[in-house]
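Read through the structure below, which is laid out as structure tokens, and then see the notes.
Chain letters run A, B, ... following the sequence lines, proteins first, then strands; residues in each count from 1.
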2 protein chains.
Amino acid sequence: MPTIYDVARKAGVGIGTVSRALNDSPNISPETKEKVLRVAREMGYQPHALARGLAKKRTGAIGAIVPFLTNYFYLELLKGIQHEISRSKYDLILYSADDVTRGEELLERVLRERRVDGLLYISMPLSNRAARKVRSRQLPVVLVDSYHPEVDSIHVENQQGAYQATRYLLELGYRRLGMINGKLRSFPARERRQGFLKALSDFGLSPRPEWMIECDDMDGQDGFNAPAGYRAMLSLLALDDLPEALFVASDVQAYGVLRAAREKGVRIPDDLALVAFDDIQPSELIGLSTVRQPMFEMGQRAVKRLTEKLENGVQDLWHETLGTRLIIRSTCGGDGRKG
Amino acid sequence: MPTIYDVARKAGVGIGTVSRALNDSPNISPETKEKVLRVAREMGYQPHALARGLAKKRTGAIGAIVPFLTNYFYLELLKGIQHEISRSKYDLILYSADDVTRGEELLERVLRERRVDGLLYISMPLSNRAARKVRSRQLPVVLVDSYHPEVDSIHVENQQGAYQATRYLLELGYRRLGMINGKLRSFPARERRQGFLKALSDFGLSPRPEWMIECDDMDGQDGFNAPAGYRAMLSLLALDDLPEALFVASDVQAYGVLRAAREKGVRIPDDLALVAFDDIQPSELIGLSTVRQPMFEMGQRAVKRLTEKLENGVQDLWHETLGTRLIIRSTCGGDGRKG
DNA sequence: GTCTCTCATGGAAGCCCTTCCAAGGAAGCG
DNA sequence: CGCTTCCTTGGAAGGGCTTCCATGAGAGAC
């Protein structure tokens, strides 16, 4: 593989000049620049990414730390990230935390290793300790689908969305409501729970503890996946007294719920109404009523913010909240049925 | 951030010794090693990934070039990749080709840029020209869900799977069969087409050209996505004479087909039987009959092969083919109905 | 014709590591 | 006690780039 020295020799110039030609420096005559670029192209020369990164103190890469990809939510998010990344000059390094509780270890390693210029920390909680470490580095970090007051973040109106969904069930006339949620260490899980509880309380109702199910994390994840939803539904159905409507904290969990319902002969929505959260693609086909969140846009905006920060070096704290929208389909009994 | 010099000074040793301690070199006394590691830990020292890569001529990263993530198939594949990567010492760099036809440009850039030690080239065709370039570098590349005789590859029995699916429809008694496919530049699309045609011919039938639909690539992709399936189905339904059964080359396309069918009042399977290919997660819930391919395993094995090649430096050519299995659900009319 | 100023240019230094080589010290052997 | 041999160790060199500084040539002013 040719190095910058080979190009310099062949073009009859110094290495500095080659570097200037390749980096669009103003301090080079147009003719020299053209000649150098031509020679470089002919030789198939391309700068060594690591060497360049080392010299420039800029790696040209952005990292994303994601949990294990058990939820299609991540795919939609990644699409947005991918879209925006491919418009920028950065590459994307995908780090995966096979176990959510070890996300911060990974974060620290990545922060210190300096393989990336900026970092997306996705769908995992950030402790105060870790937040402090983040702040103490110059490396910009954006929290996605999560929140910490001292670190840039973007997420949706989880509470508001859950509130809408729950309220809709209440307005249909249902009163015996349950909720299947992810682990409460997760930010969206806590927020959605708040929204659910608020709607109940606005209707003068109290939650039934045995109907508030926090999915297990058998797989080291946060319960936001289909198998966890399936197991949660089975445990719910083992109860003597059942709710008549359910708010499920994510679509994939709802898929698990639907499967369990089908196996146990529970009819949806006749025996049990259902609203979920996310609106990933298959939900439309399945007819799942759900709260739509703009996942693609969230990924896109997170990257945009990060790259802007890298270019302009802005230092202000940034928190963005995106709206949600309730999408009514066929799992909650339609308007005519009740209420 | 501390460098190796800082650690060396603080530990009262030379930089070579620090390096040896950190890299598990045998040429260091246990006591020194322990002391150095302790100091390094106290200082929060971690080697600079780029500097290390430059010196070692090993980046510690594996690249994956994927098309735009419009198919859940990729998520399943990524899960397998992620799983295996996280067990290795490599990081994953995700390059996305927003336009399938430009995948090879990206490939060449990545090959030259030397940011990765090895490369997965996913679901995109490889030209002879590109294959030659790949071979001329020492950098190992594995083709995933694709094929070229001169480059390592892994994929499933596309032809065999399609044959099974088609044959099943034929055995049910259907004779008027159509196929909705991805772009034929894609390897799986061509193979699945072959399987379909072979089954027809085994039953003494000829394909009806107007029922052989190659999805459009409006979005710069290969047609393996839901919107393309939707559009293909609409164009099919515009015909006067319709097939009675359809083999669709992927589940996500089938989702688009199902949506169009619902909108146009076409009942599945009564008016039209359907078998697809992939068996991504939601298909079970939807009741889609389909050919299951081991996507997770494919991703896993591709990474495993790549890392082995990186460790052992084996040079032999490797092609692996994984089996498929027909999963009967409710979109092709069940056994009792015909035949 | 002389002096200044400007600007393109070459190349050393530096980015942070690993690796290799030379050297010192300890241990073993006769 | 002297000579080998074997470990450890320090640190220079090198990996391929960018950046900065010094230099020299050309242009412009007088």
Here the residues of residues 28-42 of chain B within 4.0 Å heavy-atom distance, strictly under, of DNA chain C are none
Among the nucleotides D:dT9, C:dC15, C:dT9, whichever has the atom closest to the side chain of A:Asn27 is C:dT9
Nearest to the side chain of B:Val13 - C:dC15, D:dG10, C:dC17? D:dG10
Whole-Å distance between [N] [atom2] and [X] [atom1]?
X: B:Arg9; N: C:dC16; atom1: CZ; atom2: P; result: 13 Å
X: A:His48; N: D:dG14; atom1: NE2; atom2: P; result: 17 Å
X: B:Met43; N: C:dC16; atom1: CE; atom2: P; result: 13 Å

Want to settle it: does B:Leu54 or B:Gly12 sit nearer the 5' end of DNA chain D, counting the closest nucleotide to each? B:Gly12
When you check the gap from the basic side-chain N to the acidic O, do A:Arg38 and A:Glu42 get nearer than 4.0 Å?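 Answer for the salt bridge query: yes.
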Any donor-acceptor N or O pair under 3.5 Å, side chains B:Gln82, A:Ser96: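 Per modelled atom types, B:Gln82 and A:Ser96 side chains form a pair under 3.5 Å.
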Are the ring centres of B:His319 and B:Tyr147 closer than 6.0 Å? yes
Do A:Phe224 and A:Phe73 make the cut of ring centroids closer than 6.0 angstrom? no
Does a side-chain N or O of A:Thr17 approach OP1 or OP2 of C:dG10 to a distance below 4.0 Å, or not?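 Yes, such a contact exists.
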A correct 5'-to-3' footprint of nucleotides 18-28 of chain C, with B, S and - meaning base, sugar-phosphate only and no protein heavy atom under 4.0 Å, is BBB--------
Validation: residues 60-69 of chain B side-chain donor-acceptor distances under 3.5 Å, sequence neighbours left out:
none

